[in-house]
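What you see is a predicted model, and the numbers here were worked out from it, not measured in a lab. All values below come from the heavy atoms of this structure, side chains included, with hydrogens, waters and symmetry mates left out.
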Amino acid sequence: MTLVAPDRTKSLIDDLIRQTQQSPYGPLVWPLQGKETGTMIGWHGVVPLAEAQAKGIPADYAAAWPAIARRSFDFKAPDKDNSLGREAYDKMGYVPADQVFESVSRTQEYAYDDWASSHLARAAGASADADRLLKRSGNWRNVIDRDTGFARPRFADGTWWTPYDPVQLGHMPKPWWRDYTEANGWQATFLNQHDLYGRIAYVGGDAAFAAKLDAFFSAPSTLPDNAPPDISGLVGQYAHGNEPDQHAAYLYAYVGQPWKTQAMVRRLCTEMYRNAPDGIIGNDDCGQMSAWFVFSALGFYPVDPVEAAYVFGSPLFERATVRVGTGRTLTIEAPGNRADTPYVAAVTWNGKPWSKSWIDHRTLSGGGTLRFTMSATPNPSFGAARADRPPSFGHSA
């Protein structure tokens, strides 16, 4: 919507701000049919607000800040299911697995909400709170075990769950006490969408991160008996049928291997969708699987919406046109594109060479012609240079 209908986006954002002010939860969790359900974890309503602010959608973002601040910092207020463990998360840097269920996913998702909220705090002039949130958004580190490279349950005394099995959903056998939300250790390992260069460095650099991604997509597709049906559409342990890691195929671009992104995205577009009543491989929660397909079919995807950038994948069509606001058109060309040409050999923007494996929202939304040269074989040099990799956490590789 920010790309194709910025005026409509403004009206939606204005209403999200109003709901944030009025809701007993503060930042939105999951409003359904006009009522806030509070279902799921985190307060992800801050993300579309921060995204719109980063993309220049005008709105009174400061009006939402008091409610966001209460949810972020007021530990005297009762925890609701979506925000259990906030105080421990703030003091210890993670949600302890022996105190709160779904602790690993909570730590990671609270961290992403802190990243988004830091933008809104800064927009409201609350610079000290913005700095605190920005620092706290690094709490994802505290549930990534460096020794194994996996997102792993951690107890209040600082120890890890052992013996660890990333295929399992948690350290307790009861199905309602899981350490991950609709995911296991494999899927949660790649959950965070921000601070990706910090994440890559944390587990040993480009080669180690790329190897972990390779293992993710090639691991046996086995699941425990208590796995929820949401974990579906498996490629290795990657689950395309659910939200936690749908950006994962695009992460190869951050380690200079976008050709692997291109191959996997093309595979997902063709294997996970078909033109039939049951043509979506998983749960199209509020349209997210469909949105993934629309973006990916065009040839790009917002790994971190708050970053206001799109990572290139593999376009499906020879030509597509998109209206991007009044009087502006984005044309995407991939002449000669076929089923056996998933790789991007080169890109041009308005006829000029474009060496980056990504493009920013401001450029794309201004309209123009994005042209992909497709190939049956990879071009390992395209997007490999550090200067050509996507930005993350407000900076480049």
Side-chain angles (χ1 to χ4, degrees), residues 24-30 32 36-47 71-114 136-137 139-145 148 150-193 222-232 237 239 241-246 282-283 285:
Y25 289 82
L28 304 185
V29 183
W30 188 2
L32 187 63
E36 174 61 86
T37 67
T39 301
M40 303 307 291
I41 62 173
W43 42 97
H44 301 328
V46 296
V47 177
R71 177 51 60 201
S72 301
F73 301 133
D74 183 6
F75 306 121
K76 294 179 181 178
D79 271 324
K80 301 179 183 296
D81 280 352
N82 73 297
S83 57
L84 293 174
R86 282 178 310 147
E87 187 169 11
Y89 168 84
D90 184 73
K91 290 182 177 179
M92 301 169 60
Y94 63 98
V95 179
D98 49 345
Q99 296 181 4
V100 181
F101 63 96
E102 300 181 350
S103 62
V104 178
S105 295
R106 289 179 187 275
T107 300
Q108 296 172 302
E109 298 201 24
Y110 296 176
Y112 186 60
D113 287 343
D114 282 347
R136 204 171 71 173
S137 75
N139 279 354
W140 58 263
R141 290 174 175 82
N142 299 319
V143 291
I144 300 291
D145 174 20
T148 64
F150 282 105
R152 186 172 178 181
R154 194 172 190 177
F155 302 129
D157 63 3
T159 60
W160 302 99
W161 167 38
T162 56
Y164 178 64
D165 181 356
V167 171
Q168 299 300 318
L169 277 69
H171 73 283
M172 292 180 67
K174 294 181 180 179
W176 54 267
W177 188 286
R178 295 167 175 158
D179 296 314
Y180 310 97
T181 303
E182 296 182 5
N184 63 17
W186 269 112
Q187 293 133 27
T189 290
F190 297 98
L191 185 150
N192 278 115
Q193 296 159 251
T222 54
L223 293 174
D225 292 338
N226 65 341
D230 306 78
I231 304 177
S232 62
Q237 280 292 319
N242 204 29
E243 294 95 327
D245 53 19
Q246 285 189 338
N283 181 7
D285 257 344

Do Val100 and Tyr89 have side chains that get closer than 4.5 Å, going by heavy atoms?
no

Would you indicate whether the side-chain heavy atoms of Thr162 and Arg152 approach each other to under 4.5 Å?
yes

side-chain contact (heavy atoms from CB on, under 4.5 Å) evaluation trace for His171 with Phe155
CA-CA 10 Å; His171 73 283; Phe155 302 129; 3.7 Å; yes

Could you check whether any side-chain N or O of Arg154 sits under 3.5 Å from a backbone N or O of Asp145, counting only pairs where one atom can act as donor and the other as acceptor?
no

If you measure from CD on Glu109 to CG on Asn192, what distance do you get to the nearest 0.5 Å?
8.5 Å

Main-chain N/O of Gly185 paired to Thr189 side chain as donor or acceptor, under 3.5 Å
yes

Val95 side chain reached by Gln99 side chain, heavy atoms, under 4.5 Å:
no

Spacing of CG belonging to Leu32 relative to OG1 belonging to Thr39, to within rounding of 0.5 Å
8.0 Å

Taking the six-membered ring for Trp, are Phe150 and Trp186 closer than 6.0 Å centroid to centroid?
yes

Do Arg106 and Phe101 make a side-chain contact, defined as non-hydrogen atoms from C-beta onward lying under 4.5 Å apart?
yes

Quick one: CZ on Phe190 to CG on Asp245, what's the gap to the nearest 0.5 Å?
9.0 Å

Quick check against the 3.5 Å criterion: does Arg178 have a side-chain atom that pairs as donor or acceptor with the backbone of Asn226?
yes

Considering all heavy atoms, the nearest Ala156-Met92 contact
O-CE, 3.5 Å

Would the distance check show the side chain of Glu36 and the main-chain N or O of Pro27 forming a donor-acceptor pair, the cut-off being under 3.5 Å?
no

Can you give me the closest heavy-atom contact between Trp43 and Asp114, atom names plus distance?
CZ2-OD1, 4.4 Å

Taking the side chain as every heavy atom from C-beta outward, state whether Ser72 and Tyr110 have any atom pair closer than 4.5 Å.
no

List the atom of Val47, the atom of Asp113, and the distance in Å for their closest heavy-atom pair.
CG2-OD1, 3.8 Å

When rounded to the nearest 0.5 Å, the distance separating CG of Asn283 from CD1 of Ile231 is 12.0 Å

Taking all heavy atoms of Pro224 and all of Gln168, pick out the closest pair and write down the distance.
CB-OE1, 3.6 Å

When rounded to the nearest 0.5 angstrom, what is the spacing between CG in Asp79 and CG in Asp74?
10.0 Å

Could you check whether any side-chain N or O of Asn82 sits under 3.5 Å from a backbone N or O of Gly38, counting only pairs where one atom can act as donor and the other as acceptor?
no

Before you tell me yes or no, could you show the steps for Leu223 and Asn184 under side-chain contact (heavy atoms from CB on, under 4.5 Å), namely the whole-Å CA-CA distance, both residues' side-chain angles and the distance that decides it to 0.1 Å?
CA-CA 9 Å; Leu223 293 174; Asn184 63 17; 3.9 Å; yes

What are the two closest heavy atoms between Pro228 and Glu182, and how far apart are they?
CG-CA, 4.1 Å

Can you name the nearest heavy-atom pair linking Tyr94 to Val143, along with the distance?
CB-CG1, 4.0 Å

Under 4.5 Å between any side-chain heavy atoms of Tyr180 and Gln187, yes or no?
no

Whether Thr181 side chain and Glu102 backbone form a donor-acceptor pair below 3.5 Å
no

Say you draw a straight line from CZ of Arg136 to CG of Asp90; how long is it, rounded to the nearest 0.5 Å?
5.0 Å

